[in-house]
Structures are given as C-alpha cells and as structure tokens.
Protein chains: 2
Amino acid sequence: MSNEYKKIDERDISYLQSILGKERVIFGKNISEDFSHDELGAVKNMPEVLVEVSKTEEVSKVVKYAYENNIPVVVRGSGTGLVGASVPIYGGIMINLCSMNKILEIDEENLTLTVEPGVLLMEIADFVQEHDLFYPPDPGEKSATIGGNISTNAGGMRAVKYGVTRDYVRGLELVLPTGEIIEVGGKVVKNSSGYSIKDLICGSEGTLGIVTKAILKLLPLPKKSISLLVPFPDLTKAIETVPKIIKSKTIPTSIEFMERDVILAAEEFLGKKFPDSASDAYLLMTFDGNNTEEIEKDYESAANIVLKEGALDIFIADTDERKEAIWSARGAFLEAIKASTTEMDECDVCVPRNKVAEFINYTYELQNKLNIRIKNFGHAGDGNLHVYILRDELKEKEWSEKLPEVFKCMYNKANELKGQVSGEHGIGYAKREYLNKQLGETTLKLMQNIKKAFDPKNILNPGKVCE
Amino acid sequence: MSNEYKKIDERDISYLQSILGKERVIFGKNISEDFSHDELGAVKNMPEVLVEVSKTEEVSKVVKYAYENNIPVVVRGSGTGLVGASVPIYGGIMINLCSMNKILEIDEENLTLTVEPGVLLMEIADFVQEHDLFYPPDPGEKSATIGGNISTNAGGMRAVKYGVTRDYVRGLELVLPTGEIIEVGGKVVKNSSGYSIKDLICGSEGTLGIVTKAILKLLPLPKKSISLLVPFPDLTKAIETVPKIIKSKTIPTSIEFMERDVILAAEEFLGKKFPDSASDAYLLMTFDGNNTEEIEKDYESAANIVLKEGALDIFIADTDERKEAIWSARGAFLEAIKASTTEMDECDVCVPRNKVAEFINYTYELQNKLNIRIKNFGHAGDGNLHVYILRDELKEKEWSEKLPEVFKCMYNKANELKGQVSGEHGIGYAKREYLNKQLGETTLKLMQNIKKAFDPKNILNPGKVCE
C-alpha cells in the first residue's frame, strides 16, 4: 500500500479549526511529547496536528477530510498500549478520544451498557457495580479506555472463566476511513445477519474503523469471591499444576502465576508488604459465584490438587483488605519491573494452557544463553504470558542486537507450541515482523486484503498490524 | 461481481475423478434431488456435479481447480438450513462434507474438542458428555453438522446463559477460495494477533472459506438442570415477564415461549402428550449448575416473579422423563408446524429482549390485516423469534403476493425495534433483500468488499448473503 501522504499545512489547520474551534486543534510545538509514544515508549513519532473531539460527527468530519486529502489519521485513548499501536508513525492527524467519555445508558432489561470510547475501564467497573452488575474483562491497566480495550481485544485476569473483551461487545458505532458512520450489532443477543464486522473491529487496533460508541454486555455481579495465594518450591511445579486443575472440571475465575523477585519488586515499588514472599513461586487463584458453599467446594477441590502437586501452603484471602493487598501488588507488576531497569520490551505470547511451563522454562534457558535479564508473570490459567526483557546496563549496541534475537527465539518457540504472537496487547508497530512470520504469506495477504476492503487509501493508522 | 461461470464438461469430470475416484464424483441424473434444496425448500437448483470428499487436501484440490477454471463451488452438510445458503444457485460443483465426520481429539487440559466439519451436533453432545464435558450451543436441529452450525453462527436454546456458536469456536482450518489451506486461532484462550479471521468466518455461510476442521471450546458439564413449565393466560403476559426476570439478576440457561396451538400441533405430530396444554401460552425455563441449592434459589426467584406477573401455575420438571416430554415437544415445533400446512416460510429476527412482546403482537396484527396464518415460537430469553408464515390453502398468486408483503412488514418492524434480520438461521439466498435494506448502502458495500478480499473471482457460494 502507498504510504505517501500529504503533509499538514495551514489550510488543513484552518479547516480543522473551522470544525472544532481553535482551542481543540493543537499543532507544532504545542503538542505534548506524551502523544508521540505509548506506555512502553520504544516507538516514537509526533503527530503533525492533535485534535480533541467531543462527538461522533466531529470524528466523521475530520476523517472525511483526511480521506479526501490523503492525510494519515491515528486515534488515541489513554496511551497505555505496549506495542506502539497509537503512535503516529507517518505524522498526520491524531484524534484524541479521551473527551468522548460519557456513560450513555445502562439497560437492565437487556443487560447492556452503552459508552463512549474514552470511558476508563475503572469507571465502567465502578459504575456497573453500583447497579449490582458486572463487566467481566479485567486487564491489569485500569486507566485504559474501553476504546483501547476494544481495539486490542484486551483480555485480563478473568479470561479463564469469562472470556475476553470481544465476548462482551454487542454493538459498535464506527467511523469508517471514508468518514462514513455505521452501526454494527446492537443490544441483540444473537446475530447472524451478514459478516460480523463487529468481531473484526475488535482487535483491529484502530486500523479498520474508529469506535465512537460501544454497547457492552453485562452480567449480574457475582455475590462472593475468594482468592487463594499458593506458594510452591519452584515455578515449574506451580505452573504444571494448572492444566491439572482445569482437567478436574473446576474453572477458577483467574489463575495468575508470579515469582518471588517480581513480588519483591512490587513490594518495593508500592512500599507495601505482600502477604507472603518466602517462596520461590506462587499461584494466585480466584473463585467467584453467588453461593459460598459452591465456591468453597470449588476451591477445596483446587486446594487438594495443588497440595498433592507440591504446594507448600495455602493462604486464603476472603476479606477485602487481604484481597486488596494481593491484587494491588499483582496490578503493579508491570510498573515495578519497569522501575527496576533502564528500559524494557515485552512479549505477550499466548500458548495452550498445558504448554505454559515449557515456554517459561525456555525463557530461562534464553536468559542464561544470551546473558540478559528476563522476567515473567501472567495468566497461567489462560496461557497468556507477559515476558519482560530488561536492558539494565546493556549498551545501545548490545541491546539492539540482543533484543531482536530474544524475540525471534521466543516467537519461534511460541509457534512451535501452536501459540499466538499476542494474547492481549496486540501487534501494533512493534510486533509486525513476528506476526508476519507466524501468519505466513497467504494469511498475511488475506489480512492485507481485509485492510484494503475497509481502507483503500490506507489513511487509518497506517504501518500497523499486517502492513 | 461477475456471475458468469464455466459450465461443467467431461474434462472437469475426468479431473475430479482423477482426484477422488469415480464413485465419489456424481453427475447428471445420478445426483439426488435432495441436493437441490435445503430444509425449507423454497429455493431450488441442482449442482452440475456432486463430489464426496474425505480430507482437507481433497477439498483444497477441488477448490483450486474450480478457482482456476471459474466454476462455482457450494459446500453442503446435512442440508438442514432454512434460507437456501447451501443451494447451488449457479450450478457448478457441490462439495458434500458429510463424510468428513471424525471427532479428532478431546483435550481435557485445554478443554477443547477438535472435529471435522461433518460431525453432527448430537454426536458432539453425546461424545463430550461421556467425558463429563459440555458443548453449550444447542440449536433445535440436532442432526445439523458442526460445519453448518459454524457457517450460520447457530445459536439455539442456551444462548441466554452461554452464548452462541462463535463463542465456542477457538480455531479453524480453512480452505480459501483459491484452494490454499490456512489455520486461524488454535487451542489458545486469548488471541490478539491480527484481524480475527476466525470470527469473520463464523456466520459467513460458506461464502468466504470452507471449514475443514474446528477446535471447539468445552466447559465442564453442569451437574444438574431443572426445567420449569409456566402457563400464562396469554402470550403478552408471558413474554413481558422475561425482561423482569433478567432484570432481577437471575440468568436462566434458556427461556423459551410457546403457544397452545403450537403445542397441540407438536402433540399430534409426535403422538405424545405434553405435560399441560390447558393454557393459552407458556414459558419454558431451564436452570443449570452444580449445586442444587443454588439452582433452587435461582428458580425460586424466577418463580416468584412469574407468579407475581400473572402465571397460572408452575410445573417443575426435574426428572429425565419429564424433561424429555417437554423438550422433545419443543424440538418438534418446526416439523409440527410444517406438517400442519402446505408450504411455509420463516422469519428469524432477533430483537432486544424487552421488545419481544411488541414484535409478536405486531405479527398478530399482520395475521389479521393480511388474512394469513402466522405461528410463533422461539427464544424469549435472547430475543430471537421464529415466526412461520403458513400458506395453507392460498393459491400460488396470493401466496407469492402476500409472503413478500408479510416479510417486508416484519423486517421493517424489526428494524424499528433495533433488531436484526437473522438471529441464527442466516441470510443465505432467501433473506438477502431484507439484509440489504437493513444494512444500508455503506455497510453492504463494506461486506461486499470483504467478500472480494477473500474471493476475488466470486466462486465460493455465489449469490448469497450480501451479493
């Protein structure tokens, strides 16, 4: 696809100001450097102009103008991505959707919540809880926008039992790359009316259309939840227990794994003690439901399995304080690891659940073989690992040589285990090469054709995912 | 798109025989008339050649040949569709996938079942139950193939609690219109690795690719289930109770609605008595789970609501015999209605759950206004209605005038209520006009572009869905 774009000039600025007013069109040196990168920051480029929008019609007008004038458009929410998906690598217009942050409707008869894309995940969680309802997807980054979550098909902790973001999107309002506005899906529970554009948009990382409204599926809020923190003598033992729990027909809400030094880093980062950090490795399991007896039966069954498989102890967290102590540490892992090094990059592979131990052991082999620090944590229950490669004191040259080598080895291993390049963070800019390799020529071409079907002029978030 | 195709000649037959052997290539008068239509039979055309395949590589070779020679290809399973999706309206090659009917693997650590497309739904249910596992999608037609279910994104009774077929497809092997073989998804629980081709294929009615293998998600088998049959003085009262149950935060596994004369038709058709047929209308609710106490709490909560809203009684079906008596009647509704008339057609709209009563009342207005018999049953809990328009003694001319008029009115009404043309039966050939109207030009064009992205020569199931 062509990536030759028109540069923003005074006429463009004037047009954007005529739609949005002067104060919502920011350009040149007035754009904060924050908008040039996402959370990980490895990929950077400034937009030529940043526009703040407040409604769908404004998004439509901006995009239509960009389409007609061959200007690239990138959409941005909280900027908490980890693969550069929201970085405007060709400059152009950046649309900031953060001000489209209204919760529009809760419909308790249809169990739906209608929101604008800039609503934060934590706002959704709080709002629906007040209505005794539940939006199950639970990614670690609660300050992400729901638009961002939809664009990466974010998963989070509770995917073991409840699935991922796509499973909770019932309908979308979209601005297409031409500026046209369409609605797909709705409040309906079933839909077999043509190709599911809704499901294709989920996880398309802002390359096919811009989500300007979403209808989310809710569930009744489970009345109780209990977490178990289970220390193990080593990580392999911990993780090899997980498929045995699944096989026993007990499905926890989440099963996370963590190692001692990641816990210590989180303790230092938060200045708060974790309930236990004496053991090398831990599983953290949660069970939820409406009936104490049933939850107890489930966790007793899981407890018997973990003890049989070599767990050293079981700490039950059934009070809000105890749960908070554990889960706040879990929520700080990414930040804590980041704070422990000079620079880092991450690998977000997803492998079948019974291959997690094999993959993690392989990362340790790599750590030793390539002499680079690697830290793991993640979702043992759904096979989605977060592997962090830490630069520490490596010189630029060493880092730039070692990092691609580590990635290459890890993605090859994921491929060998029938895993996927990304479980929930997406491909964006940073992981394209590895996706290309995994997909192979035919599937890659097919994805490129899909992109063309939506965006023949390639103006929406160019240079990402399959390009 | 071009619909000018090469006609099958002796050279084509010879080539197909060279791949498949003579006995698996059936042509001319040797093709049974059954292959010219599906269950409803309103749309008919014979394939020029019917091929029986036994493995993916054979499908690939046949399709590659068709692609190179510009011959249309239609895939067929059990032929239980209701919208003509499997009818070869341009002739050409029909691929019968019924012999690709092996269950390939059950993986209890990853909770997946890998199957060929010709496996029947009832075979899957029985097989996984033996392993104490559960494949939740439960369409009425148990002799449908899983390939057919994937192609329509079939829903069924349990969608209220468990969702639809797409929610249980983890991975697919596909033959593309070019004959190339690809795999999408896998045993992984999360996947954010490029556009979700898997989700797009589900519900694409054999127009984008041919499913030759599927990896399905399983759940642990719920240990108990109880059905409640609830008589009401009239249908409106029955159906208006449903959103109140949902709002109460009790989610049954299924909520079906039925009327007295549909029950009587089923009794006659089966020669078996339904537990009760004294009342005008019924709700049939099921609750499942692992804990008797919790199920009882749920159904007591629902029972209180229905009684408060005017239910006349509650019959509890907690034994296998009683459940069988009720559910076998429910399973026979379509056949029973079909047997009660000379010809019929159906409307499978899905509306928001709190709009079901309004839609059904509208069908009765139409019945009176247009003087044509209309019968309803369906999934009150998920808003998916099956509305049957019966020809009875109408002459050809009257029928061909009234039927489109009824459809037009009903789909307009569905649109007005923010519903969808099809909840689970698909669009196929018969419902294209109504889909086109609902989608509007922009979305229709987008779907046509997606079709072109997969099938630039338009050889795979041409003339269907969005064409």
Query raised in the report: Which answer fits B:Val421, side chain, backbone, both or neither, if we ask what part of it has an atom under 4.5 Å from a heavy atom of chain A?
Result: both
**Report entry** Close side-chain approach of A:Ile450 to B:Leu200, heavy-atom, < 4.5 Å
**Finding:** yes
Query raised in the report: Just how far is it from atom CD of B:Glu293 to atom CG of A:Asn290, taken to the nearest 0.5 Å?
Result: 12.0 Å
Query raised in the report: Among B:Gly440, B:Gly426, B:Cys202, B:Gly383, who wins on heavy-atom pairs under 4.5 Å with chain A?
Result: B:Gly426
**Report entry** Members of residues 187-194 of chain B whose heavy atoms come closer than 4.5 Å to chain A
**Finding:** B:Lys187, B:Val188, B:Val189, B:Lys190, B:Asn191, B:Ser192, B:Ser193, B:Gly194
Report summary line: Contacts of B:Tyr434 meeting ring pair (Phe, Tyr, Trp, His ring centres under 6.0 Å) (sequence neighbours excluded), chain-then-number -> B:Phe407, B:Tyr411
Report task. With a 4.5 Å cut-off on heavy-atom pairs, point out which of B:Ile197, B:Thr165, B:Asp167 contacts chain A the most. Result -> B:Ile197
Report summary line: From the list B:Val351, B:Val465, B:Ile182, the residue making the most non-hydrogen contacts under 4.5 Å with chain A is B:Ile182
Requested in this report: Against chain A, label B:Arg166 side chain, backbone, both or neither, depending on which of its atoms sit under 4.5 Å from a heavy atom there.
Outcome: side chain
Report summary line: Highest number of heavy-atom pairs under 4.5 Å with chain A among B:Pro220, B:Ala453, B:Gly423 belongs to B:Gly423
Requested in this report: Please flag which part of B:Glu180 lies under 4.5 Å from any non-hydrogen atom of chain A: side chain, backbone, both or neither.
Outcome: side chain
Query - Toward chain A, the part of B:Thr152 with a non-hydrogen atom under 4.5 Å - result: backbone
Query raised in the report: Quick one: which residues of residues 242-252 of chain B reach chain A at under 4.5 angstrom, heavy atoms only?
Result: B:Pro243, B:Ile246, B:Lys247, B:Lys249, B:Ile251
Query raised in the report: Mind checking whether A:Leu446 and B:Tyr195 have side chains closer than 4.5 Å, heavy atoms only?
Result: no
**Report entry** Heavy-atom proximity to chain A below 4.5 Å, by part of B:Lys297
**Finding:** side chain
**Report entry** Side chain / backbone / both / neither for B:Leu435 at chain A, heavy atoms under 4.5 Å
**Finding:** side chain
**Report entry** Sidechain-backbone polar pair: B:Glu109 side chain, A:Arg353 backbone, donor-acceptor under 3.5 Å
**Finding:** no
Cut-off 3.5 Å, no hydrogens considered: what does the side-chain donor-acceptor table look like for residues 168-177 of chain A, sequence neighbours left out?
residue  : atom : partner  : partner atom : Å
A:Tyr168 : OH   : A:Tyr162 : O            : 2.6
A:Glu173 : OE1  : A:Thr56  : OG1          : 2.6
A:Glu173 : OE1  : A:Thr212 : OG1          : 2.7

Report summary line: In terms of heavy-atom pairs under 4.5 Å with chain A, the winner among B:Thr178, B:Thr207, B:Leu208, B:Leu439 is B:Leu208
Query - Heavy-atom pairs under 4.5 Å with chain A, option from B:Ile201, B:Asp199, B:Ile181 with the top count - result: B:Asp199
**Report entry** Interface moiety of A:Leu221 toward chain B, non-hydrogen atoms closer than 4.5 Å
**Finding:** neither
Report task. Determine the option with the most heavy-atom pairs under 4.5 angstrom with chain B, choosing from A:Leu133, A:Asp382, A:Asp107. Result -> A:Asp382
Report task. Kindly compute the distance separating CG (A:Asp455) from CG (B:Asn449), expressed to the nearest 0.5 Å. Result -> 11.5 Å
**Report entry** chain A contact via B:Asp132 - which portion, at a heavy-atom distance below 4.5 Å
**Finding:** both
